[in-house]
Peer 1: 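Below are the structure tokens for one structure; questions will follow.
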Amino acid sequence: MSLRRALHTTARRASHIGSLPISVPAGVRLGLPALSISPELPPGSPAAQRLLTVTGPLGEQILPLSPPIILDSSPDAVRVSVHDSTEKRQRSLWGLTRSLINNAVKGVSEGYTLELRLVGVGYRGAVEPIPEVFIELQRQMPRTVRTSKPGAPPYHPPPLPTDRINLKLGYAHPVLIDIPAGITVTTPSPTTIILKGSDKQKLGLFAAKIRRWRKPEPYRGKGIFVGDETIRLKEIKKK
């Protein structure tokens, strides 16, 4: 393996995603930290703590930046680069950081929408308020405080949910899922659930949490489908 690497003559290329500029639309403000620091700083050291704040009409997001990342800001765009593009770890952080910043800019300016489809006889969903007695029980329960990872923004407990999704998925009981803060849920039809939010990652995790209750199965095509998800049907085995 080492011999093959030594004889490889293909030149390393810069990150195709990381080298693209990020357009900053009107109404979006960036709170920029130090644009460049030493890449040799350990992530847990205080000098390596850099947080990029993205604020827009739909909210605010805070992104941690690794020491190898370099930012170049202009009034209407931001460019991301690294200290040494020949190093594998820095190249991977290059494209990842650019994608995260771009997702945050789009999230606070336009927002994200995700559709879930309930496919199955009797499958339906609705949004309903959480009864006050359950909200009061949640207030009385002690809330765990997570420790933040090195370089991550400080953790603040989210507000208690006030609404929930009531799903009927063929079980003997309804499935009740609390709607987290920052996500709006609507049901234009009993078999369609629309999720809206500014945080793309949080939206995807919540959609996966709902889908987990009825993953699409390949024999009858029943389940919860996220976005344009499809499944190839299999032939039922006959005796």
Side-chain angles (χ1 to χ4, degrees), residues 10-115 148-156 158 180-184 194-208 226-229:
T10 303
R12 294 183 182 272
R13 296 184 179 181
S15 172
H16 293 288
I17 297 178
S19 57
L20 296 175
I22 303 171
S23 299
V24 181
V28 176
R29 301 188 306 274
L30 300 180
L32 296 172
L35 300 182
S36 176
I37 60 177
S38 173
E40 305 299 331
L41 289 174
S45 64
Q49 310 304 315
R50 290 191 301 165
L51 299 177
L52 172 65
T53 305
V54 184
T55 308
L58 301 182
E60 179 183 88
Q61 294 191 37
I62 301 177
L63 303 175
L65 300 178
S66 298
I69 298 299
I70 301 174
L71 295 180
D72 183 12
S73 176
S74 62
D76 57 349
V78 174
R79 290 183 177 273
V80 181
S81 59
V82 292
H83 285 272
D84 186 3
S85 61
T86 62
E87 186 180 340
K88 183 178 180 180
R89 178 177 175 275
Q90 294 194 25
R91 287 202 312 275
S92 62
L93 288 174
W94 189 0
L96 172 64
T97 304
R98 191 268 175 195
S99 297
L100 293 177
I101 297 175
N102 185 67
N103 292 343
V105 170
K106 182 179 178 181
V108 299
S109 59
E110 303 175 12
Y112 291 97
T113 302
L114 197 56
E115 178 182 344
S148 300
K149 296 181 179 179
Y155 174 75
H156 300 287
I183 295 180
T184 305
I194 303 296
L195 309 180
K196 294 183 179 180
S198 61
D199 193 328
K200 185 177 182 180
Q201 182 182 10
K202 188 176 181 180
L203 204 66
L205 290 175
F206 186 58
V226 178
D228 298 330
E229 181 183 8

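Heavy-atom basis, side chains included; hydrogens, waters and symmetry copies ignored. Quick caveat: nothing in here was measured; it's all calculated off a predicted structure.
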Peer 1: How close do Ala48 and Pro42 get, heavy atom to heavy atom, and via which atoms?
Peer 2: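 Nearest pair, atom of Ala48 first, then Pro42: CB-O, 3.3 Å.
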Peer 1: Find the distance between OG1 (Thr97) and CD1 (Ile70) and round it off to the nearest 0.5 Å.
Peer 2: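 So the gap between those two atoms works out to 11.5 Å.
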Peer 1: Spell out, as yes or no, whether a donor-acceptor pair under 3.5 Å connects the side chain of Lys202 to the backbone of Ala181.
Peer 2: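 At least one qualifying donor-acceptor pair exists.
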Peer 1: Check for a donor-acceptor pair, side chain of Glu229 on one end and backbone N or O of Val226 on the other, with a separation under 3.5 Å.
Peer 2: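 The answer is yes, because a donor-acceptor pair under 3.5 Å joins these two groups.
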Peer 1: Counting only N and O atoms by type, is there a donor-acceptor contact under 3.5 Å from the side chain of Gln49 to the main-chain atoms of Ser45?
Peer 2: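 Looks like yes, one N/O pair under 3.5 Å.
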Peer 1: Within the side chain of Trp94, is there an N or O that forms a donor-acceptor pair under 3.5 Å with the backbone of Ser85?
Peer 2: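 No, Trp94 side chain to Ser85 backbone: no donor-acceptor pair under 3.5 Å.
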Peer 1: What distance separates Leu195 CG from Tyr112 OH, expressed to the nearest 0.5 Å?
Peer 2: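 The distance works out to 14.5 Å.
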Peer 1: Checking the side chain of Arg29 only, and the main-chain atoms of Gly56 only, is there a donor and an acceptor separated by less than 3.5 Å?
Peer 2: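 Pair absent, no side-chain N/O of Arg29 close to backbone of Gly56.
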Peer 1: Taking it one step at a time, do Thr55 and Val108 satisfy side chain to side chain contact (heavy atoms under 4.5 Å, CB included)?
Peer 2: CA-CA 6 Å; Thr55 308; Val108 299; over 6 Å; no
Peer 1: Any side-chain to backbone donor/acceptor pair from Arg79 onto Ile22? Under 3.5 Å, distance only.
Peer 2: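 Not at all, since once roles are kept as given, no pair shorter than 3.5 Å links the two residues.
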Peer 1: Show your working on side chain to side chain contact (heavy atoms under 4.5 Å, CB included) between Leu32 and Leu52 and close with a plain yes or no.
Peer 2: CA-CA 5 Å; Leu32 296 172; Leu52 172 65; 3.5 Å; yes
Peer 1: What distance do Lys106 atom NZ and Ser23 atom OG have between them, rounded to the nearest 0.5 Å?
Peer 2: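 Between Lys106 NZ and Ser23 OG, I get 12.5 Å after rounding to 0.5 Å.
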Peer 1: Tell me whether Arg98 contacts the main-chain N or O of Pro21 through its side chain, where contact means a donor paired with an acceptor under 3.5 Å.
Peer 2: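 Such a contact is found between Arg98 side chain and Pro21 backbone.
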Peer 1: With Val54, which of Ile62, Val28, Asn103 fulfils side-chain contact (heavy atoms from CB on, under 4.5 Å)?
Peer 2: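 Result: among Ile62, Val28, Asn103, Val28 is the only option passing the side-chain contact (heavy atoms from CB on, under 4.5 Å) with Val54.
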Peer 1: To the nearest 0.5 angstrom, please state how far the CD atom of Glu110 sits from the OG atom of Ser198.
Peer 2: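 Glu110 CD to Ser198 OG: 12.5 Å, rounded to 0.5 Å.
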Peer 1: Using every non-hydrogen atom in the two residues, find where Pro68 and Leu93 come nearest and quote the distance to one decimal.
Peer 2: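 It is CG-CD1, 4.1 Å.
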Peer 1: State the CD1-CG distance between Ile17 and Asn102, to the nearest 0.5 angstrom.
Peer 2: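 Taking CD1 in Ile17 and CG in Asn102, the distance rounds to 10.0 Å.
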Peer 1: Determine, step by step, whether Ile69 and Val82 satisfy the side chain to side chain contact (heavy atoms under 4.5 Å, CB included) criterion, reporting the C-alpha distance in whole Å, the side-chain angles of both residues, the deciding distance to 0.1 Å, and the verdict.
Peer 2: CA-CA 5 Å; Ile69 298 299; Val82 292; 3.9 Å; yes
Peer 1: Here's a test for you: under side-chain contact (heavy atoms from CB on, under 4.5 Å), which of Val24, Leu30, Leu96, Leu71 qualifies with Ile101?
Peer 2: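 Among Val24, Leu30, Leu96, Leu71, the one that satisfies the side-chain contact (heavy atoms from CB on, under 4.5 Å) with Ile101 is Leu71.
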Peer 1: Of all the heavy-atom pairs spanning Arg50 and Ala34, show the shortest one and how long it is.
Peer 2: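 Smallest heavy-atom distance, with atoms named: NH1-O, 2.7 Å.
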Peer 1: Under 6.0 Å from the CG atom of Asp84, do we count more than 12 heavy atoms belonging to anything else shown?
Peer 2: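 Atom CG in Asp84 is crowded, with more than 12 foreign heavy atoms closer than 6.0 Å.
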Peer 1: Rounded to the nearest 0.5 Å, how far apart are CG of Leu100 and CD of Gln61?
Peer 2: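 CD of Gln61 is found 9.5 Å from CG of Leu100.
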Peer 1: Any side-chain heavy-atom pair from Pro180 and Phe206 closer than 4.5 angstrom?
Peer 2: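 Answer yes - side chains close enough.
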Peer 1: Restricting to non-hydrogen atoms, name the atom on Leu58 and the atom on Gly107 that form the minimum distance, rounded to 0.1 Å.
Peer 2: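 Smallest interatomic distance, heavy atoms only, reads CD1-O, 3.5 Å.
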Peer 1: Does Ala77 offer a backbone N or O that forms a donor-acceptor pair with the side chain of Ser74 under 3.5 Å?
Peer 2: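 Between the backbone of Ala77 and the side chain of Ser74 there is a qualifying donor-acceptor contact (under 3.5 Å).
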Peer 1: Do any N or O atoms from the side chain of His83 and from the backbone of Ile37 form a donor-acceptor pair under 3.5 angstrom?
Peer 2: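 Confirmed, His83 side chain pairs with Ile37 backbone.
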Peer 1: With the side chain counted from C-beta on, respond yes when Ile183 and Leu203 share a heavy-atom pair under 4.5 Å apart, and no when they do not.
Peer 2: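 Yes; the side chains approach each other to less than 4.5 Å.
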